[in-house]
Amino acid sequence: MENKLSYILVGAFIFVLLIGGVFSILWLGNYSDKGNFKFYKIATKESVSGLNEKAPVKLQGVQIGEVRGITINPYNAEEVLVTVRVQDNAPIKEDTYAVIEAQGITGLSYIQLQGGTNDAKSLKTSNKDEEYGIIYSRPSTFSRLDKTITSLSTKAEMIFERAESIMSEKNVKNLEIIIANSAKIAESTSKTMANIEAQNKEINLLLKEATNAATGIKNMSYSLTSAVDNTGIDMMNNVRDAAQSVKVVMGGLNQKVEKGSFDVDILLKENLMPLQKTLQDLQVLVNETKDLVSNLKDSPSDILFKEETIQPAPNER
């Protein structure tokens with residue numbers, strides 16, 4: 001009898017707990033229906049996998065509402081419209097945007113509202129479904145990460161394909177030929193540099209000899225110029241003396257003519273005879289000048305290096 005009473009009490013206690021739990025759930029589920037709310041639609045082109053009705057809607061991390069419906073936009077097959085209900089005093093601005101975030105590792109998602117500056121105007125909405133304000137979404141963190149990974153994998157695949165095409169059997173053989181030719185060129189260059197270094201002393205010696213030869217030529221040119229200049233000066237002095245003698249003779253002749261004492265014998269003795277001697281000297285000088293010029297044309301170096309010619313004996317030729 002006592003055992004039956006104990007079972008009845010335990011059963012009654014459990015029944016009361018169940019009834020209390022049901023009422024608690026109903027109360028917690030209905031509290032959100034009390035108060036003033038406003039509705040918006042969130043337009044997104046991302047996958048809404050893991051986002052369900054009753055999913056939280058948060059603004060800067062604070063829950064202000066929940067998801068009330070998820071539908072495809074009948075006018076745009078690439079767009080999903082998520083209807084949300086938020087508290088009437090929630091500051092939803094025209095620059096507010098939505099991001100679908102994941103709730104930990106559960107696989108469920110919620111909507112995070114971000115943005116909304118104080119200077120921006122409030123986003124207008126209505127109680128009619130077709131006139132709800134539209135909040136546009138931006139890519140979530142996982143969506144950006146997924147796109148980045150996809151892009152990187154695509155680029156990596158392209159790189160591998162190009163690397164495979166570059167490292168084909170034909171290109172590998174060409175690369176081996178290029179490397180072999182490069183080695184030969186390097187070896188040839190090394191030998192050439194060694195030869196140049198070995199011949200450097202000979203080149204320097206040749207340059208030194210060329211410098212000495214140039215110096216000798218320069219000195220010889222100075223000597224030749226000096227000799228020609230001295231010879232030319234002597235010749236000009238002789239010509240000047242001859243011209244002076246002719247001038248003196250002509251002056252004396254002129255004086256005789258003016259005085260009227262034009263005696264032929266005296267004229268020949270006093271003037272023409274000295275003139276004849278002067279003309280003979282001038283002829284000899286001209287002949288010597290011609291010989292000198294002829295020798296210079298034939299061999300200019302004879303002036304500096306020709307030794308004295310020994311005259312043959314009377315019976316020698």
Side-chain angles (χ1 to χ4, degrees), residues 14-118 120-154:
I14 293 174
F15 180 74
V16 171
L17 288 178
L18 290 175
I19 296 298
V22 171
F23 277 106
S24 298
I25 292 173
L26 293 175
W27 182 79
L28 291 174
N30 291 330
Y31 89 97
S32 58
D33 292 333
K34 296 178 181 180
N36 298 323
F37 299 93
K38 50 187 176 182
F39 293 85
Y40 294 94
K41 286 186 178 181
I42 297 175
T44 180
K45 293 184 179 181
E46 292 187 41
S47 173
V48 293
S49 177
L51 186 66
N52 301 316
E53 293 187 8
K54 301 291 184 178
V57 176
K58 298 181 179 181
L59 177 63
Q60 303 294 343
V62 179
Q63 184 171 347
I64 59 172
E66 62 184 9
V67 175
R68 303 296 288 184
I70 302 174
T71 59
I72 297 292
N73 188 347
Y75 305 104
N76 187 354
E78 298 179 355
E79 191 173 66
V80 177
L81 296 178
V82 181
T83 303
V84 297
R85 186 184 69 174
V86 299
Q87 297 174 6
D88 186 60
N89 59 353
I92 307 299
K93 304 288 185 175
E94 291 181 350
D95 55 354
T96 299
Y97 61 91
V99 178
I100 299 176
E101 300 285 359
Q103 298 188 67
I105 60 174
T106 60
L108 299 177
S109 302
Y110 70 96
I111 293 178
Q112 177 70 38
L113 300 180
Q114 297 179 355
T117 57
N118 293 327
K121 297 180 180 179
S122 298
L123 181 61
K124 295 182 180 179
T125 187
S126 176
N127 293 326
K128 296 180 180 181
D129 182 74
E130 62 273 8
E131 296 179 358
Y132 288 164
I134 303 297
I135 301 175
Y136 293 96
S137 67
R138 293 186 181 180
S140 62
T141 302
F142 286 102
S143 177
R144 294 194 298 270
L145 182 62
D146 179 66
K147 290 182 179 179
T148 303
I149 293 175
T150 302
S151 177
L152 290 175
S153 62
T154 303

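Numbering of residues begins at 1 and proceeds along the displayed sequence.
- Listed by first then second residue, pairs satisfying ring-ring contact (aromatic ring centres under 6.0 Å, His included) with a partner in residues 38-95 read Phe39-Tyr132, not counting sequence neighbours.
- A donor-acceptor pair is defined here as one N or O able to donate and one able to accept, closer than 3.5 Å; such a pair exists between the side chain of Asp95 and the backbone of Thr117.
- How far OH of Tyr136 is from CD of Glu94: 12.0 Å, rounded to the nearest 0.5 Å.
- Here the straight-line distance linking atom CD of Gln87 with atom CD of Glu66 works out to 10.5 Å at 0.5 Å rounding.
- The nearest pair of heavy atoms linking Gln114 to Val99 is OE1-CG2, 4.3 Å.
- Scanning all heavy atoms of the two residues, the minimum distance from Ala90 to Ile64 falls at CB-CD1, 3.8 Å.
- Rounded to the nearest 0.5 Å, atoms CG (Leu51) and CD1 (Ile70) are 4.0 Å apart.
- Residues Gly61 and Gln112 come closest through the heavy atom pair N-NE2, 3.0 Å.
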For Val84 and Ile111, run side-chain contact (heavy atoms from CB on, under 4.5 Å): C-alpha distance rounded to whole Å, both residues' side-chain angles, the deciding distance at 0.1 Å, then the answer. CA-CA 9 Å; Val84 297; Ile111 293 178; 3.9 Å; yes
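- For Asn127, the CG atom is loosely surrounded, since the number of other residues' heavy atoms within 6.0 Å does not exceed 12.
- Residues Gln103 and Pro56 approach most closely at NE2-CD, 3.9 Å, considering heavy atoms.
- Between the CZ atom of Arg85 and the NZ atom of Lys38 there is a distance of 13.5 Å, given to the nearest 0.5 Å.
- Ile135 has its side chain within reach of Leu123: a pair of non-hydrogen atoms, C-beta onward, lies under 4.5 Å apart.
- Shortest non-hydrogen contact noted between Val67 and Val57 is N-CG2, 3.9 Å.
- To the nearest 0.5 Å, atom OG1 of residue Thr150 and atom CG of residue Leu145 are 9.0 Å apart.
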side-chain contact (heavy atoms from CB on, under 4.5 Å) between Thr83 and Leu81, intermediate numbers included: CA-CA 6 Å; Thr83 303; Leu81 296 178; 5.7 Å; no
With side-chain contact (heavy atoms from CB on, under 4.5 Å) as the criterion, how do Ser122 and Lys93 come out once you've worked through the C-alpha distance, each side chain's angles and the decisive distance to 0.1 Å? CA-CA 4 Å; Ser122 298; Lys93 304 288 185 175; 4.1 Å; yes
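- Nearest heavy-atom pair, Ala43 versus Ile134, reported as atom, atom and distance to 0.1 Å: CB-CG2, 4.1 Å.
- Between atom CG of residue Asp129 and atom NZ of residue Lys41 there is a gap of 3.5 Å, rounded to the nearest 0.5 Å.
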Chi angles and distances behind the side-chain contact (heavy atoms from CB on, under 4.5 Å) call for Ile42, Leu113: CA-CA 10 Å; Ile42 297 175; Leu113 300 180; 4.2 Å; yes
